[in-house]
Amino acid sequence: MEQHGTRPAQYGPRRSRAALPPQGRGGAAAGRPAGRTAGPGAGGGTARAAGGRQAGRPAPSSAATAAAREVGARRPLPNPRLTGLGSGLFCAAVMVVLGYLDALLFGASLTVYGVLFVPVCLLTAVWVRRGDLLTAPVVVPIAFAVGLVTVAESGDGGLGGRLMGIVTALATEAGWLYGGTLVAGSTVIVRRIRLVRRRRAAARNRPPG
């Protein structure tokens with residue numbers, strides 16, 4: 001009887017793949033890109049550092065902001081300051097212009113001219129600088145007489161008739177002339193008193209040197 005040779009079956013656990021040595025595992029781990037591993041940690045560190053710098057900056061307090069707004073609100077508006085000569089030229093030029101407007105619109109009414117003279121005197125006294133305060137009451141009567149050339153009666157049309165009309169207007173409108181001069185003088189006196197008080201207060205508050 002013929003016997004066929006068969007390979008006996010082998011029982012038992014199959015042999016697994018050879019495990020990598022520790023050096024191989026370490027090398028594979030080291031071969032990974034460093035940025036992927038250190039990315040989250042580095043980003044977090046940068047964010048924390050930036051946050052620390054921002055936290056270190058002093059935030060503007062609401063009290064300081066309110067104080068700055070209050071100072072800005074109290075700051076006066078810019079206004080012109082005229083010298084003594086400048087105030088005289090300003091007042092004379094304005095009165096000449098107003099005289100022409102009076103002649104065109106109101107038929108050279110001396111009453112309208114006198115009424116317009118008062119606020120011009122006030123502006124002249126307000127806008128003159130501190131060093132030339134005493135010039136305002138002096139220049140306003142001169143400006144009144146200069147502006148009368150445009151509204152005074154000319155008579156026969158000659159120079160003599162024009163001068164006679166100016167003298168007559170000065171005599172008849174002396175009330176407005178004195179009133180405007182009084183307004184300018186009062187304004188100058190008030191400004192002078194305030195200036196003297198301010199200087200005395202500054203001298204008292206000045207530390208002894």
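Think of I193 as one node in a network of Ile, Leu, Val, Met, Phe, Trp and Tyr side chains linked at under 4.5 Å; its network also takes in I189.
By the salt bridge (Lys or Arg N to Asp or Glu O under 4.0 Å) test, R129 pairs with D132, sequence neighbours left out.
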Q | Working for side chain to side chain contact (heavy atoms under 4.5 Å, CB included), residues L148 and L110 | A | CA-CA 8 Å; L148 281 178; L110 294 177; 4.1 Å; yes
Q: Could you check L98 against F117 for side chain to side chain contact (heavy atoms under 4.5 Å, CB included), going step by step and ending with a plain yes or no?
A: CA-CA 9 Å; L98 292 178; F117 173 68; over 6 Å; no
Enumerate donor-acceptor pairs with a distance under 3.5 Å from any side-chain N or O in residues 195-202 to protein atoms, sequence neighbours excluded.
none

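Heavy atoms of other residues, nucleotides or ligands lying less than 6.0 angstrom from CG of L89 number more than 12.
Judged purely by atom type and a 3.5 angstrom limit, R191 uses its side chain to pair as donor or acceptor with the backbone of A125. Between the R162 side chain and the A152 main chain, a donor and an acceptor come within less than 3.5 Å of each other. At least one donor-acceptor pair under 3.5 Å links the side chain of S87 to the backbone N or O of G84.
Under the 4.5 Å side-chain criterion, counting only non-hydrogen atoms from C-beta, C121 is not in contact with T181. Side-chain contact between V149 and V96 is absent, with no heavy atoms from C-beta onward closer than 4.5 Å. Contact check for V120 versus M95: side-chain heavy atoms found under the 4.5 Å cut-off. Using a 4.5 Å heavy-atom threshold, the side chains of L163 and V167 count as separate.
A side-chain contact (heavy atoms from CB on, under 4.5 Å) with T187 is found for exactly one of L123, L122, T124, L182, namely L122.
Between F144 and Y113, the ring-plane angle classifies as tilted under the 30° and 60° cut-offs.
T150 contributes atom OG1, which lies 9.0 Å from atom CD1 of I166 (distance to the nearest 0.5 angstrom). From W176, atom CH2 reaches atom CG of L170 across 15.5 Å, with rounding to the nearest 0.5 Å. Rounding to the nearest 0.5 Å places CZ of R81 at 7.0 Å from CZ of R130.
There is a path of hydrophobic side-chain contacts, each under 4.5 Å, that joins V146 to Y100. No continuous path of ILVMFWY side-chain contacts below 4.5 Å connects V128 to V138, so the two sit in separate hydrophobic clusters. Note on V112: it clusters hydrophobically with V94, by side-chain heavy-atom contacts below 4.5 Å among ILVMFWY residues.
Of all the heavy atoms in V139 and G88, the pair that sits closest is CB-CA, 3.7 Å.
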